[in-house]
Number of protein chains: 2
Amino acid sequence: MTSTPFPADKPNRPERRGRRGAGGITLRDVAKLAGVAPITASRALNKPDAVSPEVLRKVREAVERTGYVPNMLAGGLASSKSRLVAAVVPTIAGPVFQETVQSLTEALAEHGYQLMLGQSGYQNSREDALLETIIGRRPDGVVLTGIMRSADGRRRLLASGIPVVETWDLTPTPIDMLVGFSHEQIGAAVAEFLQGKGRRRVGSIHGNDERAVRRHRAFSESARRLGICAQDQDMAPHAVVAAPTTLGSGRTALRELLERHPDTDAVFCSSDVLALGVLTEAQAIGIKVPQQLAVIGFGDFTYARDLHPALTTVRIDGTGIGRKAAQFIIERAGGRPVADPIHDIGFTIIERDSA
Amino acid sequence: MTSTPFPADKPNRPERRGRRGAGGITLRDVAKLAGVAPITASRALNKPDAVSPEVLRKVREAVERTGYVPNMLAGGLASSKSRLVAAVVPTIAGPVFQETVQSLTEALAEHGYQLMLGQSGYQNSREDALLETIIGRRPDGVVLTGIMRSADGRRRLLASGIPVVETWDLTPTPIDMLVGFSHEQIGAAVAEFLQGKGRRRVGSIHGNDERAVRRHRAFSESARRLGICAQDQDMAPHAVVAAPTTLGSGRTALRELLERHPDTDAVFCSSDVLALGVLTEAQAIGIKVPQQLAVIGFGDFTYARDLHPALTTVRIDGTGIGRKAAQFIIERAGGRPVADPIHDIGFTIIERDSA
DNA sequence: CTGAAAGCGCTAACAT
DNA sequence: ATGTTAGCGCTTTCAG
């Protein structure tokens, strides 16, 4: 880039009357410099195959010279394609949705889309306000981590006509598209797994968020059916902690659980953080894992494999969820109807040392 | 909302000729329904004080009836205010920047701004491509986690005229504004802290990312000056692991470090994850913490206080960083020049049991 | 393959 | 307090 720098002279355009606009370099400037019409410059940038090589070269050079960066607000307005995708997560803290958000960002970026992040908080109160601002941006898609329960929210999203992907859950009645897995199946599978390991007095520790509760319920039912837990209550022994879960709440919860049910020989934790707390507490009070107590977590957070003992846990392919969600949205944006808009991504019980 | 639903009849507008636009409800529709000019409806929504109560009522009712959601693409284009702020993080995985991103999102949302998330990866390669798409959105601000090192990136950002806040570091020459702390000061402070605790053979384990390396260097220098580490090398004993750090790499690194320097009595870890690995490994091989080995981490991740033993660590007020960055940008957006655009947020050594 | 015209939906500027 | 006009910077439509 040795040629003369651009704003050497910025010649006569229709005399910017008011002081509107940011006054930056526009496609017009590029076009003028390249000696073509603005629309041709636009084509050169967006559909390089549709213009002559000569024009392409000149436009590219003009872009170089000027340092032009297309204004996507204007482009989006004109084309009704914002190339923006909104993601709503309860919270970005906590490792649960990280993989999903990360792979979503990457997969979208590869196709020229960008991610707008919204946090709904664990209460649904903010979800509605968030929806308003999201729809206002006219994104080409919305990815919801967790399904949308508010009827009003569903209605507005539907009315907006924006492609929606709900994730991290399975529901027979998604708003639009869905990439998830069954919390009920997981609960049941874990109970069976523990039975297979010879455990006979199982319990659970879980956060009070909706999905964790549903895993627990299914776990509890299966455990009772299989006869591997105390039968004197209507649920398997359990302790509930506030979401978001922490190592500390796991420690406390284990003490609590053991106080009420000292013969517990296995715990299903609704997150690996909780499980780490259980492991920590067990070590502190001298309970051997897995000999005296089997521990199984949920999430397969990065540290799970490296713990001592290595944590047995339920793995969800968060990356796969993000990738599939991106694929759904990109397909839709391309005008193609999505063949099978409900995708069960499944889960895996990763057997390590703790259970 | 019992009145007749809106698109009862959508009367004569200038005969939408082509099939452009998304065909949704626009401000014009609302204005027509309220019996006012579009600009008046616009005012009613954006500056409620500037219109008569009567008009305000009618417009609001029309919005209700129609379910109108303003198109911020159009609004942003017209006003050169996108109400969008871009945040660039190396990665969203890993707990380091979470607090910052979270508080940033919240603080911005309170003022009607939204966050666009970009991941640069730990290599700077993608940072430049990212910059292009970011500037294209004409955000009202950019928050960089970590300072921008690429000269070209700095230039483009500067040229764009977008307010920029660099964070998580201190540099005498920020692009624009800065909210950070000194990695050098931290390294030195930790060395002094360990000296005060009577440690005489300190070492460090750190990831190979730039900031961690700088903390280590300062730590190392101070340690040598204070005479609390092996003096036969030009650096204090240390082990380097690949970023992002994991519990597993912490375990490995401790073994490595002790092999080469069996008399090490304190380790400074460049992250709490690493420290957790060190704790885990120490327990696994029967080393007593803190009696035989003091461990100090960095980050004060949520679980640090609940570990066994509770982890001594360096705390950075990530929430404060996010809040301050948001404040900087919002002030700028309001046209006010920011008084002191370089803000040192400091750090705290949180003394717990591990050191 | 290239271009002129006409907006996308909104708001700044200037009336009134 | 309200309205008129003229764009913001881009792309669609429709002609060459």
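Letters A, B, ... mirror the listed sequences (proteins, then strands); counts begin at 1.
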Quiz item: From the list D:dG3, C:dG3, C:dC1, which nucleotide is the closest neighbour of the side chain of A:A37?
Solution: C:dG3
Practice problem: May I ask you to say what A:P38 touches in the nucleic acid, namely base, sugar-phosphate or nothing, with a heavy-atom cut-off under 4.0 Å? | Solution: nothing
Practice problem: Rounded to the nearest angstrom, tell me the gap between atom CD1 in B:I39 and atom P in D:dT2. | Solution: 12 Å
Exercise. Using a cut-off of strictly less than 4.0 Å, decide whether A:S42 has a side-chain nitrogen or oxygen near OP1 or OP2 of D:dC10.
Key: no
Quiz prompt | Between C1' of C:dC10 and NZ of B:K81, the distance in whole Å | solution = 14 Å
Quiz item: C:dC8 phosphate, OP1 or OP2: any side-chain N/O from A:S79 under 4.0 angstrom?
Solution: no
Quiz item: So, is B:T40 close to the D:dG3 phosphate, meaning a side-chain N or O under 4.0 Å from OP1 or OP2?
Solution: yes
Quiz prompt | Sole residue of B:I162, B:L144, B:D176 in side chain to side chain contact (heavy atoms under 4.5 Å, CB included) with B:L157 | solution = B:L144
Quiz item: So, is B:S80 close to the D:dC8 phosphate, meaning a side-chain N or O under 4.0 Å from OP1 or OP2?
Solution: no
Quiz item: Given atom NZ of B:K32 and atom P of C:dC10, what is their separation to the nearest angstrom?
Solution: 13 Å
Quiz item: Would you call B:E132 and B:R156 a salt bridge, taking side-chain N to carboxylate O under 4.0 Å as the test?
Solution: yes
Quiz item: When you measure from the side chain of B:A78, which nucleotide among C:dC10, D:dC10, D:dT4 comes out closest?
Solution: C:dC10
Quiz item: Can you list the residues that meet the side-chain hydrogen bond (donor to acceptor under 3.5 Å, both in side chains) rule with A:R60, with sequence neighbours excluded?
Solution: none
Quiz prompt | Atom pair distance, as rounded to whole Å: CG in A:L73 and C1' in C:dC8 | solution = 12 Å
Quiz item: Is any side-chain nitrogen or oxygen of B:N46 closer than 4.0 Å to OP1 or OP2 of C:dT11?
Solution: yes
Exercise. Measure from the side-chain heavy atoms of A:Y68 and tell me the nearest of D:dT11, D:dC10, D:dG3.
Key: D:dC10
Quiz item: How many Å lie between CZ on B:R138 and P on D:dG9, as a whole number?
Solution: 8 Å
Exercise. Starting from C1' on D:dG9, measure out to CZ on B:R137 and report it in whole angstrom.
Key: 15 Å
Quiz item: If each of A:G76 and B:V55 is mapped to the nucleotide of DNA chain D with the nearest heavy atom, which maps nearer the 5' terminus, i.e. the 5' end?
Solution: B:V55
Quiz item: Checking only heavy atoms, does the side chain of B:R43 share a donor-acceptor pair with the base of D:dG3 at less than 3.5 Å?
Solution: yes
Quiz item: Cut-off 3.5 Å, side chains only: do A:T319 and A:Q102 have a donor facing an acceptor?
Solution: no
Quiz item: Over how many whole Å does the gap from B:L77 atom CG to C:dG9 atom P extend?
Solution: 12 Å
Quiz item: Which pair of non-hydrogen atoms, one from B:V36 and one from B:A41, has the smallest distance, and what is that distance?
Solution: CG2-N, 4.1 Å
Exercise. Would you please test A:I92 and A:F97 for side-chain contact (heavy atoms from CB on, under 4.5 Å) and show each step?
Key: CA-CA 7 Å; A:I92 198 186; A:F97 302 118; over 6 Å; no
Exercise. Kindly point out which of C:dT2, C:dC10, C:dC8 is positioned nearest to the side chain of B:N71?
Key: C:dC10
Self-check item: Below 4.0 Å: OP1/OP2 of C:dC8 and any side-chain N or O of B:T26
Solution: no
Quiz item: Which one, D:dC10, C:dC10, C:dC8, comes nearest to the side chain of B:L27?
Solution: C:dC10
Practice problem: Would you kindly give the CE-to-P distance between B:M72 and C:dT11, to the nearest whole Å? | Solution: 9 Å
Exercise. Taking only the side-chain heavy atoms of B:A74 (C-beta and beyond), determine which of C:dC10, D:dT12, D:dG3 contains the nearest atom.
Key: C:dC10
